[in-house]
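Chain letters run A, B, ... following the sequence lines, proteins first, then strands; residues in each count from 1.
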There are 2 protein chains.
Amino acid sequence: MKSHPITIKDIARVLGISPSTVSRALKDHPDISPKTKQLVQTFAEKVNYRPNALALSLRSSKTNTIGIVIPEIVHHFFSTVISGIEDIAYSKGYNAIICQTNENYQREVIDLQALIDNRVDGILVSMSKNTHEFSHFQNVRDNGIPIVFFDRICEAISTDRVIADDFEGARIATKHLISKGCKKIMHLSAPQHLLIGKNRKEGYCSALKEHQLQCNDQLVVKCDTRESVFAKEDEIISLASDIDGIFAVNDSTAIAAMQVLQRNGYNVPKDIAVVGFGDGPIADIAYPPLTTVEQKGYVIGQAAMNLLIGHIEETAIESEFETKIFTPELVERTSSQLGKTI
Amino acid sequence: MKSHPITIKDIARVLGISPSTVSRALKDHPDISPKTKQLVQTFAEKVNYRPNALALSLRSSKTNTIGIVIPEIVHHFFSTVISGIEDIAYSKGYNAIICQTNENYQREVIDLQALIDNRVDGILVSMSKNTHEFSHFQNVRDNGIPIVFFDRICEAISTDRVIADDFEGARIATKHLISKGCKKIMHLSAPQHLLIGKNRKEGYCSALKEHQLQCNDQLVVKCDTRESVFAKEDEIISLASDIDGIFAVNDSTAIAAMQVLQRNGYNVPKDIAVVGFGDGPIADIAYPPLTTVEQKGYVIGQAAMNLLIGHIEETAIESEFETKIFTPELVERTSSQLGKTI
DNA sequence: CCTTTCTTTGCAATCGTTTTCGATAGATTA
DNA sequence: TAATCTATCGAAAACGATTGCAAAGAAAGG
C-alpha cells in the first residue's frame, strides 16, 4: 500500500490552477488573490498537504540536517553530548543523523562520505582513537561543509572545537583534597600516552606544587580500571598508611580503590579522602558517595551544535574559528570529607 | 566558499556527451561502448564524482534513512538499543536520524511528522510516558511508512514489536535466589501502575509459588530508587532479620539495599543474598558485585532494525506482524552467593 | 546496392518544489 | 480612444539523477 503523499501538482490539478499558483498561495505571496489563497490553503489543510522535504532540499541545497560522528554511543559522556546536540538541533529545526564508528578508522571515513553524499548542512565529530590520517576531514571542508570537533579533536584541521579541560579538572579535584586537609595524595593514573592520562596527571601535580606539596612519582600508581586496581591491591595498600588522599583518573577506579581500602581496614573518608573524575552516573551509587568532577557533556554538546549553526547560517565569520573549553565542576559528596566518619 | 560538488551534467559538458550517457556509463549499462565507459569512469574517478543522494532519493522515493524516536538518549538501556540499531543500519547501508522526545508528547508528534516529511524509509519508536493518543502513529502508517515499536510499545497500533520480558526476568532472578537456598525473599517493587512494576512483581510471585513459597505482601516494599530505599531504611531493617534474600526491581535499588544492610550489621551475601534487575553498568561497580538480570538492549535494537528492514525491503509479508520477546539473562556475581563470606 | 538489424547515443520526461519572466486581463489615466 | 498600470496567474527552467524511446550510424544480409 505504498501510498503516494499529496503533492502541489495534485492540488493544482484538483483545483484547476497551476502548481506555481498553489506554491505561492501556500506561502502568502502578495501576487495571489485572497480568494485563491483561501481556496488553496483550506484545501491543502483538508487533505493534510505536507511539502516534500527532499524536493525542497534538492532545490535549495539546504537539508536542515546535521551529522554526528562518534566512537561509541554506549558511553555516558558521549550519549550526554548527543543529548545536548539533539536538543539544540530540535529547537533550531535541524535533524541529526548519528553515526557510530566503534573506534574504526575505515568506518569513520565511510560515515563521513555518506554524510557528504546526503548533503548534510554540517558535521560534528569526535575522532576515533585509531584515526591518524585526516584527509577525510579535509574532504568535508573541501565540500564546503562546516565541521566542529568535540572532545576528541583533530589538531590538523583548523576549525571550531569544543573540549573539556582535563588539566583544570584534575587541578580542581586535587585542590579540593588539599582544602580538606590532605597532605599526601596518591594519584591513580591512566597511561601517559593518552591525552587524558597526561593532562589529568599534570593537573594533579600543578595543584600539589601550588600548595608547596611535592609531586612524587612514588605516589602515582598506574591503574585506570577497576580490574587494574584489584591487580595492584598490594601496592596500593602498602602505600595506604602513608597517605591521606587519593585522586583517581576516573570514577570506577576511585570506587574500586575505596573498596580495596575498606576491605583492608581503612575508613573512607575518615582515614583517606577520595576524589574521582566523572565518567558516568556511578558516583552517586558508590559507598560512600563519591566526590568527583563532572564533565559537562550536555553543555559541550549544546556548545558544539551552536558553533556549527553559527557557520551553517553564516552568523559566524567564515574563516574565524573558536575553541571552547569547558572546565569540569566539582561535585562534593561524602568520600572527600577527610576525618569524618560515616 | 560554498563549493558546488561535481554533477553528472558537469561531466557531460566537459566530455561533450549527454548526461544520460554519463549516467549509464557510470553504472556499466550494456548499451554504452567500452571506450565511452572507460572515458567517463576514469574522469569521474579523477574529479571524485559522487552522486547526489538527495536527487536519487527524490527520484526513487527511497532515502535509505530510518528514524529513531526515543524518550531519552542518556539512559543506558536506550543508548544500548540505539547502538544495536545503528550497527545493523550501517551494515545494510541505512542512515539513522535520531529524535529524543524527553517524554514530551507534543515533541513526539512533531518528531514523527518531521521524519515523514523527510521521507524516511521506516521508523523505530519507543513511546513517551505521556503519550495517550496514537493518531500520530497511525499517520505514519497512513503514509505507507513501516513502523516498529521497541520496549515502550503501543498496543493500539498493529505492527512489529520488540520487547524485553520483565515477567520472565523477574522469575529467573527470584528462582536463582531460591536455588541459592533462600526461603524468605523480599521484593523491592516499582509502582504497580507501571508495566515494569507490575510484571516484575508478578514474575517474583510466580517463582515463589512454583517452589511452594508464599508470596506475601508483607515482604514487598514499595521502593524503586536509591532515595526511597534510604527513606524506608527502618522498614527494611525491621524485616531484615526475618529474610534471607532480596529481589529488587532495579540495580540502583538493589545496591542501595545492600548498603543499608551492610551499615546495619548484615553481611551480603552471607546473611542475605541480593539480586537486581539490570538497568546499567553499575552492577559491576557495587560491593559486592551485584548479581542481576541483564536486558539485552543491543540485541533488541538489532532485532527491531532487522524487522523494520524486512518491511522496508518487503522481504516480510506486508500485513503480517510479529512480536519479538527477549528474555533477560542472569549474570551471576557475588551478591547472591548466600552463606558465602566476602 | 538496398534493406534490415544492431550498436550506441541523445532527447525528453520524471521526481516535487520554487522562481523568473511573461502574459492576459481589467482598471486607470492621459 | 489610446496608453499605461495593476492585479493575478501560468509556462518553463532549475535542482541532479534515471530511463523509455527515438534516432543515427555501422554492420550484415540478400
Side-chain angles (χ1 to χ4, degrees), chain A residues 2-41 43-44 47-65 114 116-121 143-144, chain B residues 2-41 43-44 47-65 114 116-121 143-144:
Chain A
K2 268 269 149 282
S3 61
H4 267 280
I6 300 238
T7 74
I8 271 191
K9 290 186 187 173
D10 295 329
I11 298 180
R13 195 170 347 98
V14 173
L15 261 39
I17 56 183
S18 81
S20 10
T21 303
V22 176
S23 172
R24 280 187 269 247
L26 286 174
K27 45 183 43 183
D28 259 337
H29 193 286
D31 269 10
I32 305 299
S33 75
K35 281 167 291 179
T36 315
K37 272 183 194 169
Q38 185 64 23
L39 177 72
V40 172
Q41 286 172 0
F43 183 78
V47 298
N48 193 24
Y49 166 76
R50 297 244 91 215
N52 184 326
L54 285 172
L56 291 184
S57 298
L58 178 59
R59 183 156 215 285
S60 62
S61 41
K62 174 90 165 61
T63 52
N64 289 303
T65 299
I116 296 173
D117 291 350
N118 280 313
R119 300 294 189 270
V120 295
D121 294 335
N143 274 274
Chain B
K2 267 270 148 282
S3 61
H4 268 279
I6 301 239
T7 75
I8 267 192
K9 290 186 187 173
D10 296 329
I11 299 181
R13 193 169 349 98
V14 173
L15 261 40
I17 55 183
S18 81
S20 13
T21 304
V22 176
S23 171
R24 281 186 266 248
L26 286 174
K27 44 184 44 184
D28 258 337
H29 194 286
D31 271 6
I32 305 298
S33 75
K35 280 168 292 179
T36 315
K37 272 184 194 167
Q38 185 65 23
L39 177 71
V40 172
Q41 285 172 1
F43 184 77
V47 298
N48 194 24
Y49 166 77
R50 298 243 92 217
N52 184 326
L54 286 173
L56 291 182
S57 297
L58 177 60
R59 183 157 215 284
S60 62
S61 39
K62 174 92 166 60
T63 53
N64 289 304
T65 298
I116 296 173
D117 291 350
N118 279 89
R119 301 295 189 270
V120 294
D121 295 335
N143 274 275

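- Phosphate proximity of D/dC15 to B/Lys9: present, with a side-chain N or O under 4.0 Å from OP1 or OP2.
- Distance check: B/Asp31 CG to B/Thr36 OG1 gives 11.5 Å after rounding to the nearest 0.5 Å.
- Close to C/dG10, at under 4.0 Å from its OP1 or OP2, lies a side-chain N or O of B/Ser18.
- Heavy atoms of B/Arg50 sit under 4.0 angstrom from primed sugar atoms or phosphate atoms, though from no base atom.
- B/Ile32 places its CD1 atom 10 Å from the C1' atom of C/dT7, with the value rounded to the nearest Å.
- Atoms OG1 and CG, on B/Thr63 and B/Leu54 in that order, are 10.0 Å from each other to the nearest 0.5 Å.
- Atom OG of residue B/Ser18 and atom CZ of residue B/Arg24 lie 7.0 Å apart, to the nearest 0.5 angstrom.
- Tested against A/Val40, the residues A/Ile8, A/Ile17, A/Ile32 include a single side chain to side chain contact (heavy atoms under 4.5 Å, CB included) partner, A/Ile17.
- Without hydrogens or angle criteria, A/Lys37 side chain to A/His29 main chain gives a donor-acceptor distance under 3.5 Å.
- With rounding to the nearest 0.5 angstrom, the CD1 atom of B/Ile11 is 6.0 Å from the CG atom of B/Leu26.
- A donor-acceptor contact shorter than 3.5 Å is absent between the side chain of A/Asn118 and the backbone of A/Val120.
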Which atoms of nucleotides 19-21 of chain C (N or O only) lie under 3.5 Å from a protein N or O atom, and what are those distances?
residue: C/dT20; atom: O4; partner: A/Arg24; partner atom: NH1; Å: 3.1
residue: C/dT20; atom: O4; partner: A/Arg24; partner atom: NH2; Å: 3.4

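- Nearer to the 5' terminus of DNA chain C, by closest-nucleotide assignment, is the contact made by B/Thr36 (compared with the other of B/Thr36 and A/Leu56).
- Atoms OG1 and CG, on B/Thr65 and B/Asp121 in that order, are 6.5 Å from each other to the nearest 0.5 Å.
- Looking at heavy-atom distances under 4.0 Å, A/Leu54 makes no contact with the nucleic acid at all.
- The CG atom of A/Leu39 sits 10 Å away from the P atom of D/dC9 (whole-angstrom rounding).
- When the C1' atom of C/dT14 is taken as reference, atom CG of A/Leu58 falls 12 Å away, rounded to whole Å.
- Taking atom CD1 on B/Ile8 and atom P on C/dT14, their separation rounds to 20 Å, with Å as the unit.
- Rounding to whole angstrom units, CG of residue B/Asn118 and C1' of C/dG16 are separated by 14 Å.
- Look at A/Ser33 and you'll find a side-chain N or O under 4.0 angstrom from OP1 or OP2 of D/dC9.
- One can place OH of B/Tyr49 at 6 Å from P of D/dT18, the figure rounded to the nearest angstrom.
- Whole-Å rounding puts the A/Leu15 CG to D/dG10 C1' distance at 15 Å.
- The rotation axes computed at either terminus of the helix from C/dC1-D/dG30 to C/dA30-D/dT1 lie 80° apart, taking five pairs at each end and rounding to 10 degrees.
- The interatomic distance linking B/Lys62 (NZ) with C/dG16 (C1') rounds to 19 Å, in whole Å.
- Proximity of B/Leu15 to B/Val22: side-chain heavy atoms (C-beta onward) are nowhere separated by under 4.5 Å.
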